[in-house]
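Notes for the one structure printed next.
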Amino acid sequence: MSNSEMIKEAREYIEKKLVSKPSIGLILGSGLGVLAEEIESPIHIPYQEIPGFPTSTVTGHKGQLVIGELQGKTVVAMQGRFHYYEGYSMDLVTLPVRVMKAIGVEQLIVTNAAGGINETFEPGNLMIIKDHLNMFGDNPLIGSNNDELGVRFPDMSQAYTAELVQFAHQVAKDMNFKVQEGIYVGNTGPTYETPAEIHMLRTLGGDAVGMSTVPEVIVARHSDMKVLGISCISNMAAGILDQPLTHDEVMETTEQVKADFLSYVKQIVLNMAEG
Ligand code: HPA
């Protein structure tokens, strides 16, 4: 099946279940899926039900779309995402973003757990993503371009919408909430980085590193969606502290900042302009 047929089938399947059209999309990263539990009058659609969707595999990632009302706005949340390291193609990793666009989403809030490269960061900090470095060695737009979905050579000079970066700072300020800002580095994983790699990434200007987000943001920008990215710094990246990294540490820290993350993202959704 072609990519546009897959998008169409998934759209039709989801639209049959919709009560109202979501305008804001949320991709919830590792340990951050709890935000979907705040959605009122939710419709749950497990990924395996949606035509063309793969099933999510990693611990800590639930696999469903949750559609409903959050802070009076209709949102669609991905509780769990598809990672490149799971072996999915870039097309499958980014299919949910295509489908969100097809059902009417114009603004995307992408979240993730990430390792802190910037030594002034601390585990538990939240970071507004202002730009990214694509270190996947791949790009979801490689292949023939479907001009109906977007242009052949998309501009990435504002991958993360500057207006939304400013807005997210303002929301944090109004809440008296400390946030960091920085550049997210997207790596394939599933290995965490070596200390030498972290040294290189810091030299290149990276502030945080993770194994997601970049493919989805590329497709969101190809689709002309506005993008806001938020990283939860779950650990300091390799070599900064004298301790090995574990997935358990990542999950423990996200567990601790969950409450802050929830109230911050809810406040963002509340104050976000629609359209
Ligand atoms: N590196 C890559 N991905 C991550 C990390 C990290 O240190 N922490 C959470 N996701």
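Both ligands and their constituent atoms are indexed starting at 1 by order of listing.
Here the side chain of Gln166 pairs no donor or acceptor atom with the backbone of Glu163 at under 3.5 angstrom. Of the possible donor and acceptor atoms, one in the side chain of Tyr184 sits under 3.5 Å from a partner among the backbone N and O of Ser212.
Screening Val217, Val105, Leu108, Ile7 for a side chain to side chain contact (heavy atoms under 4.5 Å, CB included) with Val97, the sole residue that qualifies is Leu108. Among the candidates Ser30, Cys232, Ser234, Ser231, the single residue satisfying the side chain to side chain contact (heavy atoms under 4.5 Å, CB included) test with Asn112 is Ser231. Applying the side chain to side chain contact (heavy atoms under 4.5 Å, CB included) test between Asn235 and each of Thr246, Thr253, Leu245 identifies Leu245 as the sole match.
Looking only at protein heavy atoms, the nearest one to atom 6 (C) of ligand 1 is Tyr192 CD2, 3.5 Å. Val209 O, 3.6 Å is the protein heavy atom nearest to atom 4 (C) of ligand 1. Of the protein's non-hydrogen atoms, the one nearest atom 3 (N) of ligand 1 is Gly210 CA, 3.4 Å. Ranking the protein heavy atoms by distance from atom 10 (N) of ligand 1 puts Ala113 O, 3.4 Å first. From the protein, the heavy atom lying nearest to atom 1 (N) of ligand 1 is Glu193 OE1, 2.8 Å.
In this structure, Tyr47 has its ring center under 6.0 Å from that of Phe82.
Taking a cut-off of under 4.0 Å to the non-hydrogen atoms of Met211, the atoms of ligand 1 that pass are 2 (C), 3 (N). In the vicinity of Ser234, heavy-atom distances shorter than 4.0 Å reach the ligand 1 atoms 8 (N), 9 (C).
Here Leu245 has side-chain heavy atoms under 4.0 Å from ligand 1, and that is the only part of it that gets that close. In Ala114, the part holding a heavy atom less than 4.0 Å from any atom of ligand 1 is the backbone.
Between Glu255 and Lys258 there is a salt bridge, since at least one side-chain N of the basic residue sits less than 4.0 Å from a carboxylate O of the acidic one.
Where the criterion is an N or O separation shorter than 3.5 Å, residue side chain and backbone included, Asn235 meets it with respect to ligand 1. Considering backbone and side-chain atoms together, Gly115 places an N or O closer than 3.5 Å to an N or O of ligand 1.
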Go through the steps to decide whether Val269 and Ile109 satisfy the test side-chain contact (heavy atoms from CB on, under 4.5 Å), and finish with yes or no.
CA-CA 9 Å; Val269 171; Ile109 303 175; 3.9 Å; yes

